[in-house]
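In what follows, a single structure is set out as structure tokens and then discussed.
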Protein chains: 2
Amino acid sequence: MINIALVNTKPLSRGDQTREALLAAALDAFGRSGFDAASTRAIAEAAGVNQALIGYHFGGKQGLYLGVFEHIVYRMQGRMAPVAEEVLRRLDAAPEDPVQRRDLALGLMLDMFDAYTDLISEASSAGWVRLVLREQQDPTEAFALLYDNIFSRLLALLGRLVALAVGLDAASETCRIRTLMILGQLLIFFIARGTTARYLEWGPPGPDTIAAIKQQFRLVLASQFSQGVAAS
Amino acid sequence: MINIALVNTKPLSRGDQTREALLAAALDAFGRSGFDAASTRAIAEAAGVNQALIGYHFGGKQGLYLGVFEHIVYRMQGRMAPVAEEVLRRLDAAPEDPVQRRDLALGLMLDMFDAYTDLISEASSAGWVRLVLREQQDPTEAFALLYDNIFSRLLALLGRLVALAVGLDAASETCRIRTLMILGQLLIFFIARGTTARYLEWGPPGPDTIAAIKQQFRLVLASQFSQGVAAS
DNA sequence: CAGAATTATTCAATTGACTAAATTAATCGA
DNA sequence: TCGATTAATTTAGTCAATTGAATAATTCTG
């Protein structure tokens with residue numbers, strides 16, 4: 001947890017290997033079929049592992065499900081933490097000049113965007129996007145895990161940037177709505193995959209598509225911020 | 001299709017009643033659990049109908065699934081068609097002055113927004129949002145039904161408005177990306193329900209939340225359009 | 001009285017969980 | 001370094017419950 005490099009160097013034990021394999025297979029299966037429809041037999045087979053090992057390692061299907069989310073949270077946290085730290089540092093040293101503040105906010109937003117792109121470009125992204133979307137519609141215990149550790153922190157950070165850029169109180173509902181809107185501009189491309197595939201004739205998100213999105217994102221934000229949209 | 005009032009007046013036959021009941025129950029069940037996890041027994045029970053009637057009326061589970069989407073398409077189409085017609089009419093009579101064109105485009109976008117709000121405010125919205133999200137991730141035959149009849153037309157219309165507002169070619173990729181971004185600003189509130197519930201402390205979308213979204217939407221679009229964001 | 005609609009029942013297949021037995025890895029004394 | 005003891009891990013097989021679909025008999029409708 002503290003030193004990832006060390007953890008990675010030590011070879012995985014036999015048990016850890018099957019745990020990893022089960023988590024990967026479960027991520028895909030739960031995302032694709034949902035909790036009920038995903039069968040433990042299929043997951044075990046996809047992981048190249050005996051079915052009974054699910055019960056042994058995770059206590060059962062439900063435990064495996066939660067394990068998948070803990071795994072997601074752990075990985076996202078690892079990716080996010082250093083970026084968040086850096087953003088906060090630069091945020092504390094924000095200039096007074098409104099124009100400079102907007103430029104800073106815009107720049108930091110693009111930095112945050114970059115921090116997530118490779119996570120999204122990964123082949124496994126489709127898997128947890130499906131999972132997260134499911135939990136968004138019908139939140140369970142797993143959603144609380146996601147929200148408390150990932151979403152709430154991400155939104156708090158992004159909200160501060162939005163507040164800085166448009167001169168709003170970061171705690172206000174207006175600022176929060178605005179923050180979600182900005183997030184929505186990006187997420188739509190990874191949520192509405194079927195539509196992007198046909199409307200934009202795009203495949204799964206790759207470096208070129210992400211670059212195209214970022215470019216428009218930057219333009220839209222620049223114009224949105226440049227005139228300091230009125231509060232309400 | 002042509003005269004909804006007439007269709008509604010004629011009382012439903014016994015078979016039509018069970019079909020309707022099955023479709024409503026199936027919409028909820030498929031949306032909530034996904035195709036595989038939703039059981040025909042549970043659907044039939046929720047519809048207050050014998051399980052064997054699914055096979056009788058829809059040929060089987062798969063037929064019922066497609067029937068649900070045909071039903072959604074039919075209802076959305078009925079809601080959308082008159083609005084689209086009106087938008088197209090006013091689009092053909094667009095003024096020459098760039099500023100007026102932007103105002104027109106913005107106004108029409110807000111009109112389109114209004115046309116969909118009551119559809120989204122309905123209690124059943126959560127059901128088909130879940131269904132549509134699922135098909136977006138893993139498109140099946142049902143997605144083609146949705147896209148060809150609903151999404152493609154909606155995007156084409158909205159794309160023309162965006163083109164008008166920012167002075168882009170409606171067929172360009174840039175314009176399409178921009179169009180999806182604008183759509184994403186709104187959809188995020190209905191897609192990320194778990195997050196809006198906690199971040200904004202909102203319940204399911206009601207008149208007040210929709211009003212709040214619309215207000216910010218108008219402000220953002222106004223600032224986005226007012227300076228004619230550069231093409232690329 | 002036809003034909004549409006509905007019912008109760010049965011079918012093989014698959015589900016998640018559990019258990020006892022078998023196998024592997026780790027530890028320890030010499 | 002070696003072999004043996006112990007704990008961790010994996011396996012195959014079983015269980016009751018549930019699945020979608022099909023059937024034949026029955027009821028309702030026009």
Side-chain angles (χ1 to χ4, degrees), chain A residues 7 9-71 131 134 138 140-142, chain B residues 7 9-71 131 134 138 140-142:
Chain A
V7 175
T9 50
K10 108 177 150 202
L12 296 176
S13 71
R14 195 162 58 127
D16 285 338
Q17 280 182 342
T18 61
R19 254 188 295 272
E20 292 280 340
L22 276 175
L23 285 175
L27 168 65
D28 185 69
F30 283 135
R32 209 170 287 276
S33 321
F35 181 79
D36 288 327
S39 86
T40 55
R41 278 181 169 80
I43 292 173
E45 187 181 10
V49 144
N50 190 279
Q51 183 213 8
L53 291 175
I54 291 175
Y56 179 75
H57 285 292
F58 297 95
K61 194 181 187 181
Q62 177 73 23
L64 178 60
Y65 187 71
L66 284 179
V68 167
F69 280 87
E70 283 168 8
H71 194 246
L131 265 186
R134 219 179 284 278
D138 304 280
T140 70
E141 186 182 347
Chain B
V7 176
T9 51
K10 111 176 146 205
L12 295 177
S13 71
R14 191 162 60 128
D16 285 338
Q17 278 183 342
T18 61
R19 253 188 296 272
E20 292 280 340
L22 276 175
L23 285 175
L27 169 65
D28 185 69
F30 283 135
R32 209 169 289 276
S33 320
F35 180 80
D36 288 328
S39 85
T40 56
R41 280 180 169 80
I43 292 173
E45 187 181 10
V49 142
N50 191 282
Q51 184 217 6
L53 290 175
I54 291 175
Y56 181 76
H57 285 293
F58 296 95
K61 195 182 187 181
Q62 178 73 23
L64 178 59
Y65 187 72
L66 283 178
V68 167
F69 280 86
E70 284 169 8
H71 195 245
L131 265 186
R134 221 178 282 278
D138 303 280
T140 70
E141 185 183 349

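So that the names make sense, note that chain A is the first sequence line, chain B the second, and so on, each numbered from 1.
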Touch class at under 4.0 angstrom, heavy-atom based, for A:Ala38 against every strand present:
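Sugar-phosphate contact only.
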Just compare [options] and give me whichever is closest to any side-chain atom of [X].
X       : options                : value
A:Gln51 : D:dT11, C:dA17, C:dT10 : C:dA17
A:Thr40 : C:dA4, C:dG16, D:dA21  : C:dG16
B:Thr18 : D:dA12, C:dT7, C:dT6   : C:dT6
B:Tyr56 : C:dG16, D:dT11, C:dA5  : C:dA5
A:Arg41 : C:dG16, C:dC18, D:dA21 : C:dG16
B:Lys61 : C:dA8, D:dG20, C:dA17  : D:dG20

To the nearest angstrom, how far is [X] atom [atom1] from [N] atom [atom2]?
X       : N      : atom1 : atom2 : value
A:Asp36 : D:dG20 : CG    : P     : 12 Å
B:Asp16 : D:dC28 : CG    : C1'   : 16 Å
B:Ile54 : D:dT19 : CD1   : P     : 12 Å
A:Gln62 : C:dT15 : CD    : P     : 18 Å
B:Glu45 : C:dT7  : CD    : P     : 13 Å
B:Gln17 : C:dA4  : CD    : P     : 19 Å
A:Arg19 : D:dT9  : CZ    : P     : 6 Å
A:Leu53 : C:dT23 : CG    : C1'   : 12 Å

Shortest non-hydrogen contact from [X] to [Y]?
X       : Y       : answer
A:Lys61 : A:Phe35 : NZ-O, 2.8 Å
B:Ser33 : B:Ala37 : O-CB, 3.2 Å
B:His57 : B:Thr18 : NE2-OG1, 3.2 Å

Whichever of A:Gly59 and A:Ala42 has its nearest DNA chain C nucleotide further upstream toward 5':
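Residue closer to the 5' terminus by nearest nucleotide: A:Ala42.
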Got a list of side-chain donor-acceptor pairs under 3.5 Å for residues 43-53 of chain A, not counting sequence neighbours?
residue	atom	partner	partner atom	Å
A:Asn50	OD1	A:Ala52	N	2.9
A:Gln51	NE2	A:Thr40	OG1	3.0

Under 4.0 Å between a side-chain N/O of [X] and OP1 or OP2 of [N], yes or no?
X       : N      : answer
B:Ser39 : D:dT18 : no
A:His57 : D:dT10 : yes
B:Asn50 : C:dA8  : yes

B:Phe30 vs B:Tyr65 aromatic rings, parallel, tilted or perpendicular, using cut-offs 30° and 60°?
perpendicular
